[in-house]
Amino acid sequence: MQKYNVDNNSVLLELVDAGLGWTISRPSGVLQHVKYLPNIQLRAMPAPTLSREVFLVSRNSVPFSLFQTIFEALTRITQKKLAKETIEIAPWLEEEIFTVDLDNEKKISFSSVSD
């Protein structure tokens with residue numbers, strides 16, 4: 001028996017698509033390779049699962065107004081595109097995805113965001 005260890009989402013999903021194994025992947029990794037979705041199954045991991053927070057980091061010399069503009073743009077992209085696409089392929093994550101309320105910069109559930 002031969003075993004392969006691969007650490008690349010594209011290759012992993014290609015191997016799963018070809019019937020050569022299985023993988024544990026983040027939804028964001030699958031979203032980058034939607035061409036495999038017709039032939040693969042996605043299932044929620046049993047609890048406890050891992051979660052991740054994403055931070056915007058810049059040098060102190062970056063003007064705060066530019067930092068705020070980037071922050072707001074990334075928040076909108078997350079709300080309008082990334083979170084929606086993630087929930088389309090992994091609906092069990094709807095209550096697990098959080099974004100930021102731009103009015104007070106507090107974390108809120110994506111499911112409470114209105115279009």
Side-chain angles (χ1 to χ4, degrees):
M1 174 197 276
Q2 293 182 343
K3 294 182 181 181
Y4 298 95
N5 184 4
V6 179
D7 189 20
N8 177 291
N9 268 339
S10 178
V11 175
L12 286 169
L13 292 172
E14 185 175 351
L15 290 170
V16 172
D17 183 52
L20 298 173
W22 57 272
T23 188
I24 297 172
S25 183
R26 295 177 306 276
S28 58
V30 175
L31 279 175
Q32 295 174 28
H33 307 286
V34 294
K35 66 182 179 184
Y36 298 115
L37 284 176
N39 299 319
I40 64 174
Q41 295 183 54
L42 300 178
R43 296 287 183 258
M45 288 287 297
T49 59
L50 301 174
S51 65
R52 158 180 314 189
E53 290 192 26
V54 179
F55 298 91
L56 176 60
V57 179
S58 74
R59 292 181 55 89
N60 286 334
S61 60
V62 172
F64 183 74
S65 60
L66 176 58
F67 184 88
Q68 190 70 17
T69 299
I70 294 168
F71 171 80
E72 290 172 0
L74 291 172
T75 299
R76 285 190 183 90
I77 290 167
T78 300
Q79 291 173 350
K80 303 280 186 214
K81 186 162 176 59
L82 183 60
K84 286 183 180 186
E85 290 180 3
T86 299
I87 291 167
E88 284 177 15
I89 66 165
W92 59 87
L93 292 175
E94 185 168 9
E95 297 301 320
E96 307 293 326
I97 295 177
F98 293 85
T99 185
V100 175
D101 182 337
L102 288 173
D103 294 329
N104 60 26
E105 297 186 9
K106 294 200 186 246
K107 185 165 70 168
I108 58 170
S109 170
F110 173 75
S111 60
S112 66
V113 175
S114 60
D115 286 333

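Hydrogens, waters and symmetry mates play no part in the numbers below; they use all other heavy atoms, side chains included.
- Connection of Trp92 to Ile40 is established within a shared hydrophobic cluster, with ILVMFWY side chains joined at heavy-atom distances below 4.5 Å, either directly or through further cluster members.
- By the salt bridge (Lys or Arg N to Asp or Glu O under 4.0 Å) test, Lys35 is found to be paired with no residue, residues two or more places apart in sequence or in another chain being considered.
- Other residues, nucleotides and ligands place no more than 12 heavy atoms under 6.0 Å from the CH2 atom of Trp22.
- Among all heavy-atom pairs drawn from Ile97 and Ala83, the shortest one is CG2-CB, 4.1 Å.
- Through chains of ILVMFWY side-chain contacts below 4.5 Å, Phe55 is grouped with Val57.
- Results of the side chain to side chain contact (heavy atoms under 4.5 Å, CB included) test with Tyr36 over Val30, Leu12, Leu13, Val16 single out Leu13 as the only residue that passes.
- Closest approach of Ser109 to Glu95, counting heavy atoms only: OG-OE1, 3.9 Å.
- For the atom pair Leu56 CG and Leu74 CG, the distance stands at 6.0 Å (nearest 0.5 Å).
- Note: Lys81 NZ to Thr86 OG1 = 10.0 Å, rounded to the nearest 0.5 Å.
- Gln41 approaches Arg43 most closely through the heavy-atom pair OE1-NH2, 2.9 Å.
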Should Leu37 and Leu42 be marked as a side chain to side chain contact (heavy atoms under 4.5 Å, CB included) after you check the CA-CA gap, both sets of side-chain angles, and the distance that decides it?
CA-CA 9 Å; Leu37 284 176; Leu42 300 178; 4.0 Å; yes
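- Put simply, the side chain of Leu31 reaches to within 4.5 Å of the side chain of Leu82, judged on heavy atoms.
- A distance of 7.5 Å separates OG1 in Thr75 from CD in Glu72, rounded to the nearest 0.5 Å.
- The aromatic rings of Phe67 and Phe71 lie parallel to each other, with less than 30° between the two planes, well short of the 60° mark.
- Taking 4.5 Å as the limit, some side-chain heavy atom of Pro27 sits within range of a side-chain heavy atom of Leu93.
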